[in-house]
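Just so we're on the same page: letters track the sequence lines, and every chain starts at 1.
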There are 2 protein chains.
Amino acid sequence: MYGVHKQGEIVEMLEELRIGNITEKPKEQAFDKNDPYANDPKRHPAIIPASSKPFNGEPPSAILTDNFLTPNDLFYIRNHLPVPDVNLKSYKLDISVQGPGKFTSFSFDDLKRKFHKKSTAVVLQCAGNRRSEMVKIKPVKGLNWGTSAIGNAEWSGPCLDDLLKQAGIDIDQVTQKHILFCGMDKDPAGSPYEASIPIELARLLKRDIIVAYEMNGQEIPRDHGYPVRIIIPGIVGARQVKWLTSIKLSNEESMCHWQQNDYKGFHSSIDWNNVNFKSVPAIMELPVTSAICEPIEGTDLAPDADEVTVKGYAWSGGGRGIVRVDVSIDGGKTWDSATLSPPKQPMYKTFAWTFWEATLPIPKNHKGKVEIICKAADLSYNVQPDSVEGIWNLRGVLSNAWHRVNISIPKS
Amino acid sequence: MYGVHKQGEIVEMLEELRIGNITEKPKEQAFDKNDPYANDPKRHPAIIPASSKPFNGEPPSAILTDNFLTPNDLFYIRNHLPVPDVNLKSYKLDISVQGPGKFTSFSFDDLKRKFHKKSTAVVLQCAGNRRSEMVKIKPVKGLNWGTSAIGNAEWSGPCLDDLLKQAGIDIDQVTQKHILFCGMDKDPAGSPYEASIPIELARLLKRDIIVAYEMNGQEIPRDHGYPVRIIIPGIVGARQVKWLTSIKLSNEESMCHWQQNDYKGFHSSIDWNNVNFKSVPAIMELPVTSAICEPIEGTDLAPDADEVTVKGYAWSGGGRGIVRVDVSIDGGKTWDSATLSPPKQPMYKTFAWTFWEATLPIPKNHKGKVEIICKAADLSYNVQPDSVEGIWNLRGVLSNAWHRVNISIPKS
């Protein structure tokens, strides 16, 4: 059975139906031919697993601020299904249009040689990044991510717009309302992972969507979509389809589970008995966020420390640049301005993240414990909400409250 | 002296320098030739003044939700200077480009007859809307607005892009970084009100910026910019220059006080001693907001009331549609979903507001008092911050915390 089902609430549900136990046979071999995850790639030992089948994992937070471009092997991994093993020679990317029945197909070689290669630094972030803060309020369904289900890489490949043009499609003229992206990762019934974006969003991002075959100048690792994935800057990770095999212009949005009945945001009184997934649109652009990467929760400073240097990331969806990161060391009573190290990007297309840093004086009356808080404002002056309570939701997505880290200053 | 200076902190500052009083002469006439505000237009008696010279005022909140398009005479008025009295026959709109020295001029008749008339419903909102909630925390500099320094009107006129094209300017090709809009309202030294937007924003809104000569199908009232004003959808009121007389493409942004040293957002530890207006960009797109228009603060329900119908508006900058309005009648412990009445606009270009309504049961343990709260989420799932404390700033702008209204249920 697929590992994705081995979750608390499903075990609980099945527990009611249990009629007895079968004695377990001793395991004779580690490699199971029937395990669809057996051929998954190896992962960097620093990656902290959030689940093993499918594999999901994030790097330690302190690693994130070491590199503006997150190294490929330290980039968070978010898989919904087993990792496909793709043969480059037989790889095809199909482009089709519902209605007129237009159909074009590109080989990997076509993608590399027939089109201008565009490179852009783009943040990908899981909708569930920082879910672990929501779990503390009340259980939610989803992986228990810390603050590192986010990464920033330079992605290279043709613009989607160029491929569509080559296929005879003018994105500004088509009547279809959605663009569907289909992956090669499949569930046991053979249904692939799929996502779609509204055509309006595709038009807004016309020259920014990349059909990527490189991640930080290297071939894309298998865990991140080898050989080709879609990169749609400024939006949630769930639509950044990996192992991309077809692009389709359609009148309807994708009917995939993860488009229709999963990645959506509700208020905190909606539970699994009254949720109506049709009532809100699928998450696309993500809200403004920031997090403290250093020091990490529970750090002990030196007994005579009189200041602490705090570092982190900030980012917002829709390409909105970060205008301010505010940092507090007294629980939000007073604030300091962090120094930003922004990339040279146009403010209205800031798809990469912004690093920030502040050196804060330890309050005199610290009593051995100090809480550090950060919060960011983006170009539209949207801010992070104060509390996790106010945004808690049954799926634990969109967790972007003020980020808090507690550190200690032990007595000498 | 200009009425704009008659503010608490300036009176206080001058008080220290007072050496005595001159006996006041009895007023002989109401009309003062030397008063630059004497020729201001009359205002609707329902408009609640926030200041008289310059005149600023807002309608009662309960009026707002009566009409999707706010009637012209009930639209909030935000003037920085005396209202110009413009002669339509001599009116000219100049368009120029820094560097090449291109210069074109259009008469009012040119604007009306030579170009396609575009009509769009667009919300204008003062950066200081809901400032009165910030004032309760700590004094700020600015007009004491309630929740109604916002309105939604249908604006008609040529697209800015069409005028620029006619003047030989391709907005996608120009090297200048800003577009300046200059008004005909002037301070005592003769300097006009002016604002600018970055060229990237102008490109994003290419076909959406309107050089408007009509408001809700009528000529624009004098208070709202007769005969012509600029309408830049999704951004702050301060850049929506009224009595528009020139448009200039420039390498630098406007040096006007209100662009450089006023409408910007800071954290709550920034005061007038340490503020650095250069450190953040001028406010353009506004953050997501919502407010309760009915019932109003202090309303007494009937003693036997077992439910209350709550109505209000929600809106977000950047054309981002409203996906959800959450309403609570128990101080935020539980939430209900409001019913939205959205206009038929594309979700990524929702420039008008969204009305919402919910009928909530009065909690059984109400003890005579009930607090109603609303909060909205927009298409990017940005949400309103929980508290005013967290966003308080020295200018009292960007006040978009959860909106709270207290009502009573008296004993029978």
Leading residue by heavy atom contact count with chain A [cutoff under 4.5 Å; candidates Ile391(B), Asp378(B), Asn400(B), Val288(B)]: Val288(B)
Structural part of Leu379(B) lying under 4.5 Å from a heavy atom of chain A: both
Verify the distance criterion only: is there a donor paired with an acceptor across the side chains of His267(B) and Ser337(A) at less than 3.5 Å? yes
Report the option among Ser387(B), Gly390(B), Gly332(B), Gly234(B) that has the most heavy-atom pairs separated by less than 4.5 Å from atoms of chain A. Ser387(B)
Would you say the ring centers of Trp315(B) and Tyr313(B) fall short of 6.0 Å from each other? no
Honestly, is Arg395(B) close enough over Tyr263(B), meaning NZ or CZ under 6.0 Å from the six-membered ring centre and within 45° of the axis? yes
Can you tell which of Glu200(A), Arg320(A), Gln384(A) has the highest number of heavy-atom pairs within less than 4.5 Å of chain B? Arg320(A)
From Leu204(A) atom CG to Ile232(A) atom CD1, the distance as rounded to the nearest 0.5 Å: 12.5 Å
With only heavy atoms counted, which part of Ile235(B) is less than 4.5 Å from chain A, the side chain, the backbone, both or neither? neither
Can you tell which of Val383(B), Asp326(B), Val397(B) has the highest number of heavy-atom pairs within less than 4.5 Å of chain A? Asp326(B)
Using non-hydrogen atoms and a 4.5 Å limit, figure out which bit of Leu340(A) sits close to chain B: side chain, backbone, both or neither. neither
Using a strict cut-off of less than 4.0 Å between a Lys/Arg side-chain nitrogen and an Asp/Glu carboxylate oxygen, indicate whether Lys118(B) and Asp162(B) qualify as a salt bridge. no
Pick from Arg324(B), Lys349(B), Lys333(B): which one has the most heavy-atom pairs with chain A under 4.5 Å? Arg324(B)
If we count only N and O atoms by modelled type, under 3.5 Å, do the side chains of Glu389(A) and Ser268(A) hold a donor and an acceptor together? no
Looking at Ser380(B), Pro385(B), Gly317(B), which has the largest count of heavy-atom pairs under 4.5 Å with chain A? Ser380(B)
Given that the side chain runs from C-beta out, which part of Arg203(B) has a heavy atom under 4.5 Å from chain A: side chain, backbone, both or neither? neither
Cation-pi geometry met for Lys375(B) and Trp335(B) (6.0 Å, 45°): yes
When the 4.5 angstrom heavy-atom criterion is applied to Ile283(A) and chain B, the contacting part is both
Fit a plane to each ring of Phe277(A) and Phe266(A), take the angle between them on a 0 to 90° scale, and name the class: parallel (under 30°), tilted (30 to 60°) or perpendicular (over 60°). perpendicular
